[in-house]
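Read the structure below first, then the notes.
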There are 2 protein chains.
Amino acid sequence: MSFTRSVENYLKAIYHLSDHGVSKVSTNAIARRLKTKASSVTDMIKKLSDKKLVVYKKYQGVHLTDSGKEVAVRIIRKHRLWEVFLVEKLNFAWDEVHDIAEQLEHIESEKLVDRLDEFLEFPSHDPHGDPIPDKWGEFKPSKKVVLSDVDAGAICFCVGVIDSSAKFLRYLDKNGIALGTQLKVVSREEFDKSMTIKTKGNTMTISKLTADNLYVIIN
Amino acid sequence: MSFTRSVENYLKAIYHLSDHGVSKVSTNAIARRLKTKASSVTDMIKKLSDKKLVVYKKYQGVHLTDSGKEVAVRIIRKHRLWEVFLVEKLNFAWDEVHDIAEQLEHIESEKLVDRLDEFLEFPSHDPHGDPIPDKWGEFKPSKKVVLSDVDAGAICFCVGVIDSSAKFLRYLDKNGIALGTQLKVVSREEFDKSMTIKTKGNTMTISKLTADNLYVIIN
DNA sequence: AAATATTTTTAGGCAAGTCTAAAATTTATT
DNA sequence: AATAAATTTTAGACTTGCCTAAAAATATTT
Ligand SMILES: [Mn+2]
Ligand SMILES: [Mn+2]
Ligand SMILES: [Mn+2]
Ligand SMILES: [Mn+2]
């Protein structure tokens, strides 16, 4: 099955708004996300419902069917793989790639996606730390968490920040922490919730504030 | 300026049919090429004319304006760069890439195109031996020619075939001639128009028939 | 519980791009 | 030069996706 760009964008939006296709999503939420009008959303929802991609009851919001979820995950896979390509191979910064990936995600060719995946050596996460589903639509169980939630002893790698101020980024940079940096949590201090972490060449103690603003994925 | 996918496809078709935008193109020729109906072409031509991308006189065919040509060349550049990417980086065969490039050529991002160009090390020709314009829309002077037209002494490389029968391709393969193979024309025989050519490891004589069916680019 | 505010749907309309069938124009043939 | 054939354009219709304005349903206040 092949769908229009617009249908794909709606399904992806609903997927994200519904927390992986679990809960119901309101018309207005979709409209806000896609920068369109509620009436347009209602129109589209009816078409999606006719195609059995969503379940819809008037005034009650929508949720994705299994096949709707499948389409959404396929688009997300493509979006994130292309983001990796742009950052890893074409040296884009991680905050420049979204709009381009928004277009590339609609290119249709299963072979292309699989070859790209292989070319990128089957990345498990995109440059923003979001997981990339495999070709069967399965996500790896690992999930991005805030560093302050990681137990002592765990090894993880940095995939994103919450506070993206220049100040914070400079601080991280100075201490050799960047996207993709491996970290081991050596110990956690109960008293002030500070943590001691070890990077490749360095061991340091970071404050709770810092740990609260770093996203990591546990290996 | 940004145009719809459809507009871009029309402009590209007209460019190719008009021999680089020189001659006039008939409605039917465009319809044939784009697998659409003549009436649809007339409709679109009017819109292109309103946008000053073509010059149109009823019943007299169209030709591209300078700005129409510019758009067409930009699309062709993208098409061919993506083809190189697919073959060189993702290991596609040269006969598999066209349809995918047909989609990728419409991705909008000047930065993406320039980075891709750089990543591919500024290729001058696509996998079919067609020249790739630079970012200012300029084509390198070299052009693909039939091997039988090449003078003795010249060094060229193989970029395509006219006869694509399995028989011919097997013959080439057996003699170590493939896409990209460097050839030196050692001598030409006036009597039967046969040629002696030298490849990397081998010198051989080929018939006029063979030379007539091989496209090369002179270095 | 009634009134008010918010959300969602309907009604009607518009642009892009395509189609079929019929009319107009150009080109080729007698 | 007249007729026939081919090409091109017009007329009218359809789909997709979007919009505004108004009506209907649901949610929140009083
Ligand atoms: Mn998109
Ligand atoms: Mn991302
Ligand atoms: Mn195309
Ligand atoms: Mn090509």
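Chain identifiers are assigned alphabetically (A, B, ...) following the order of the sequence lines, protein sequences preceding nucleic acid strands; residue numbering begins at 1 within each chain.
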Please tabulate, for side-chain N and O atoms in residues 53-75 of chain B, each donor-acceptor pair with protein atoms closer than 3.5 Å (sequence neighbours left out).
from	atom 1	to	atom 2	distance (Å)
B/Thr65	OG1	B/Lys52	O	2.8
B/Thr65	OG1	B/Leu53	O	3.2
B/Thr65	OG1	B/Ser67	N	3.4
B/Thr65	OG1	B/Gly68	N	3.1
B/Ser67	OG	B/Lys52	O	3.4

Rounding to an integer number of Å, can you tell me how far A/Ile45 CD1 sits from D/dG17 C1'?
14 Å
Hey, is A/Lys144 close enough to A/Asp130 for a salt bridge, meaning N to O under 4.0 Å?
yes
Nearest-nucleotide wise, let me know which of A/Met44 and B/Lys58 is further upstream toward the 5' end of DNA chain D.
B/Lys58
For C/dT6, does either OP1 or OP2 sit under 4.0 Å from a side-chain N or O belonging to A/Asn28?
no
Strictly below 4.0 Å, heavy-atom distances to any atom of DNA chain C: list the hits from residues 6-15 of chain A, or just say none.
none
Of the non-hydrogen atoms in B/Ala31 and B/Ala38, which two are nearest, and what is the gap between them?
CB-N, 3.8 Å
Reading nucleotides 19-24 of chain C 5' to 3', which nucleotides get B (base under 4.0 Å from a protein heavy atom), which S (sugar-phosphate only), which -?
BB---B
Nearest whole Å is fine: how far is D/dA25 P from A/Lys57 NZ?
14 Å
Can you tell me if the side-chain N/O atoms of A/Lys46 get under 4.0 Å from OP1 or OP2 in C/dT10?
yes
So, is A/Thr42 close to the C/dT10 phosphate, meaning a side-chain N or O under 4.0 Å from OP1 or OP2?
no
Only residue of B/Arg5, B/Lys78, B/Lys12 satisfying salt bridge (charged side-chain N to carboxylate O under 4.0 Å, His left out) with B/Glu105 is B/Lys12
Assert yes or no for the condition that the ring centre distance of A/Phe3 to A/Tyr10 is strictly below 6.0 Å.
no
